[in-house]
Amino acid sequence: MVNIVSFNINGLRARLPRLLEFLEREKPDIVCLQELKGEPDALPTDQVEAAGYKALWHGQKGFNGVAFLSRGDGDLKLRRAGLPDDPAPEQARYIEAEAHGLIVASIYLPNGNPVGSEKFGYKLEWMARLEQHAAALLAEERPVVLAGDYNVIPEDRDTFSVKAMAHDALMQPESRAALRRIVHQGWTDALRQVHPDDDRLYTFWDYQAAAWPRDAGFRIDHFLLSPQAADRLAGAGVHKWARGEEKASDHAPVWLQLHDA
DNA sequence: ATGACTTCTCTAAGAAGA
């Protein structure tokens, strides 16, 4: 069994104690991190390595930043940092590696707010580039896991309030259509596949307006599996408990289990 | 509501997040 976690930590410096506790408790084989908010040199990677993980980083000062952690001495080989033809390559939003016989990507997709701004256009352009690259990955006919914070609420039932989010970039028809175009290439949304009837399957709760105690969340962190990975799907879920910890990220870690090949 | 909360950083009130 291979255990994979994707976690938008919202600042590695601020979240390091929570991350180290999480690694000790769950001991996942592969961790895909997003929103490091720091350059690799400024980050305490030695403590992560002391916890038993090898790391691969693609970071920048202050914003964005994605990484992998791989447990033990297992292979962890970089395939690429950044998307092909990335419209803003200085933004560290994509890293892809080979680990445990899988191709894995850690994705931090642009937020895109406010709608109608340059940022929204950048989001859609970035998603078009991801669509192209995802098609190339599918063509390899290998087990591939595209993990991360997609900043897209796939369906109305994936948010606590359609009305509250109606004007948000995360659930605009264009954002959803762009995600659907990728999924319809042949990817499996693992969390929805495993929990087809859960209408409170959330991965994010805002810090504001008592969103967490009200369970006013939405689902924006996703695992997309190639057919060769989906055939091995054993389980998937949300580590919701982590959102209730002191000094928690506003995202909960999401997890995926794949049977051995 | 030019807010709320939390992170980062040019450590102030600001930018950005979602």
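Every chain is numbered from 1, with letters handed out A, B, ... down the list of sequences. All of these numbers come straight from a predicted model, not from anything done at the bench.
When the C1' atom is compared between B/dT7 and B/dA12, the two are found 15 Å apart, to the nearest whole Å. B/dA1 and B/dT9 are spaced 27 Å apart, taking the C1' atom of each and rounding to whole Å. B/dC10 and B/dA16 are spaced 16 Å apart, taking the C1' atom of each and rounding to whole Å. Atom C1' of B/dA13 sits at a distance of 14 Å from the matching atom of B/dG3, rounded to the whole Å.
A/R80 has no carboxylate O lying under 4.0 Å from a charged side-chain N of A/D86, or vice versa, which leaves the two without a salt bridge. In summary, A/R181 and A/E131 engage in a salt bridge, as defined by a charged side-chain N under 4.0 Å from a carboxylate O. For A/D215 and A/K240, the salt-bridge test passes: some basic side-chain N is under 4.0 Å from an acidic carboxylate O.
Looking only at atom types and distance, the side chain of A/K123 has no donor-acceptor partner in the side chain of A/N111 under 3.5 Å away. A/D221 and A/T203 share a donor-acceptor pair across their side chains, judged by distance under 3.5 Å alone.
Residue A/Q228 forms a side chain to side chain contact (heavy atoms under 4.5 Å, CB included) with just one option from A/E140, A/E141, A/R142, and that option is A/E141.
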At under 4.0 Å between heavy atoms, which parts of nucleotides 8-18 of chain B does protein reach? Answer with one letter per nucleotide, 5' to 3': B base, S sugar-phosphate only, - none. SSS-----SSB
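Under the Watson-Crick or G-U wobble criterion, with both distances below 3.5 Å, B/dT9 is left unpaired in every strand shown.
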